[in-house]
Student: 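One structure, as structure tokens, below. Some questions next.
Heads up: numbering here begins at 1 and tracks the sequence. Computed over heavy atoms, backbone and side chain alike; hydrogens, waters and symmetry mates excluded.
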Amino acid sequence: QVQLVQSGGGLVQVGGSLRLSCAASGYIFSSKTMAWYRQAPGKQRELVTTIASGGTTTYVDSVKGRFTISRDNAKNMVYLQMNSLKPEDTAVYYCNVKFRDVEFWGQGTQVTVFS
């Protein structure tokens, strides 16, 4: 069964850094694009970043230059390095993988950025 298990969330000051991790199992990890989404209270879920099997990345404009997605295929892990954090980055963050007719989500982890 596909499972995505997240870790690494928490509380951080404005300008600080945090790294989120997502451990994947139950599929051929190296063959699939992975993604990070976030959802702030009262807001729509937002696609933040993706990394394809070959390493190509995408980012929403608001995080370009601050966030970096990476993957370690030997460990079936995907990471989100978040630097220069802003209050507007406060949200629940989810890792995600999509197949033809189904998608799977991590359990979510709270990131809170405070002044």
Side-chain angles (χ1 to χ4, degrees):
Q1 306 92 335
V2 173
Q3 283 190 247
L4 302 174
V5 179
Q6 298 177 218
S7 61
L11 217 59
V12 65
Q13 286 187 304
V14 169
S17 296
L18 211 56
R19 189 178 79 156
L20 306 184
S21 299
C22 177
S25 60
Y27 66 100
I28 303 173
F29 176 82
S30 59
S31 74
K32 300 299 291 184
T33 293
M34 300 296 297
W36 289 96
Y37 289 77
R38 66 186 180 186
Q39 188 166 28
K43 302 294 181 68
Q44 296 271 71
R45 182 186 65 188
E46 176 186 36
L47 176 62
V48 179
T49 180
T50 69
I51 183 164
S53 59
T56 301
T57 59
T58 73
Y59 298 92
V60 67
D61 285 346
S62 60
V63 310
K64 285 180 180 174
R66 301 189 298 118
F67 289 13
T68 303
I69 188 171
S70 62
R71 67 193 298 158
D72 185 339
N73 287 338
K75 296 181 178 180
N76 286 4
M77 296 286 292
V78 61
Y79 306 98
L80 182 62
Q81 179 66 46
M82 303 182 292
N83 299 326
S84 302
L85 281 160
K86 303 175 179 180
E88 51 263 48
D89 297 318
T90 294
V92 177
Y93 285 71
Y94 299 90
C95 61
N96 166 273
V97 60
K98 289 182 174 67
F99 299 86
R100 180 185 292 107
D101 58 351
V102 68
E103 61 189 327
F104 295 90
W105 299 89
Q107 80 274 24
T109 185
Q110 177 70 229
V111 171
T112 301
V113 185
F114 66 94
S115 301

Student: Same cluster or not: are Y94 and V60 linked, directly or through other Ile, Leu, Val, Met, Phe, Trp or Tyr residues, by side-chain heavy atoms under 4.5 angstrom apart?
Tutor: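 Hydrophobic grouping puts Y94 apart from V60.
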Student: Checking D61 now: which residues fulfil side-chain hydrogen bond (donor to acceptor under 3.5 Å, both in side chains) with it, not counting sequence neighbours?
Tutor: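 Scan of D61 (side-chain hydrogen bond (donor to acceptor under 3.5 Å, both in side chains), adjacent residues dropped) gives K64.
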Student: What closest approach, in Å, do L20 and M82 show between heavy atoms, and which atom pair accounts for it?
Tutor: CG-CE, 3.7 Å
Student: Any idea which heavy atoms bring D89 and S84 closest together, and the distance?
Tutor: OD2-O, 4.5 Å
Student: May I ask whether I69 and W105 are part of the same hydrophobic cluster, defined by side-chain heavy atoms of I, L, V, M, F, W, Y residues being less than 4.5 angstrom apart, directly or through others?
Tutor: no
Student: If the condition is side-chain hydrogen bond (donor to acceptor under 3.5 Å, both in side chains), which residues does Q3 pass it with, not counting sequence neighbours?
Tutor: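 Scan of Q3 (side-chain hydrogen bond (donor to acceptor under 3.5 Å, both in side chains), adjacent residues dropped) gives none.
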Student: Please name the pair of heavy atoms, one in N96 and one in K98, separated by the smallest distance, quoted to 0.1 Å.
Tutor: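 Minimum heavy-atom separation between N96 and K98: OD1-NZ, 3.2 Å.
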Student: Between T90 and V113, what is the shortest heavy-atom contact and its length?
Tutor: OG1-N, 2.9 Å
Student: Could you go through the side-chain contact (heavy atoms from CB on, under 4.5 Å) check for K86 and R66 one step at a time?
Tutor: CA-CA 10 Å; K86 303 175 179 180; R66 301 189 298 118; 3.8 Å; yes
Student: Taking only residues two or more places apart in sequence, or in another chain, which ones meet T58 in a side-chain hydrogen bond (donor to acceptor under 3.5 Å, both in side chains)?
Tutor: T50
Student: Test T109 against V92 for side-chain contact (heavy atoms from CB on, under 4.5 Å), laying out the working first.
Tutor: CA-CA 5 Å; T109 185; V92 177; 5.9 Å; no
Student: Scan side-chain atoms only and decide if T112 and Q110 contain a donor-acceptor pair under the 3.5 Å cut-off.
Tutor: yes
Student: Tell me whether Y59 is reachable from M34 by hopping between hydrophobic residues (I, L, V, M, F, W, Y) whose side-chain heavy atoms are closer than 4.5 Å.
Tutor: yes
Student: Are Q81 and S17 packed together at the side-chain level, in the sense that at least one heavy-atom pair is separated by less than 4.5 angstrom?
Tutor: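 Yes; the side chains approach each other to less than 4.5 Å.
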Student: Tell me which donor-acceptor pairs under 3.5 Å the side chains of residues 4-13 have, and how far apart each pair is, sequence neighbours excluded?
Tutor:
residue, atom, partner, partner atom, Å
Q6, OE1, C95, N, 3.1
Q6, OE1, G108, N, 3.2
Q6, NE2, Y93, O, 2.8

Student: Is the distance between the ring centroids of W36 and F67 under 6.0 Å?
Tutor: no
Student: Does anything in residues 18-33 form a side chain to side chain donor-acceptor pair (under 3.5 Å)? List the pairs, not counting sequence neighbours.
Tutor: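 Output for this query is empty, none listed.
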Student: Only pairs under 3.5 Å count here: list side-chain donor-acceptor contacts from residues 73-80, not counting sequence neighbours, and write none if there are none.
Tutor:
residue, atom, partner, partner atom, Å
N73, OD1, R71, NE, 2.9

Student: When clusters are formed by joining ILVMFWY residues with side-chain heavy atoms under 4.5 Å apart, either directly or through shared neighbours, do F29 and F99 land in the same one?
Tutor: yes
Student: Going by heavy atoms in the side chains, are E46 and S62 under 4.5 Å from each other?
Tutor: yes
Student: Do V102 and V97 sit in one hydrophobic cluster, given that two such residues count as connected whenever their side-chain heavy atoms are within less than 4.5 Å of each other, even indirectly?
Tutor: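 Yes, it is one cluster - the side chains of V102 and V97 are joined through contacts under 4.5 Å.
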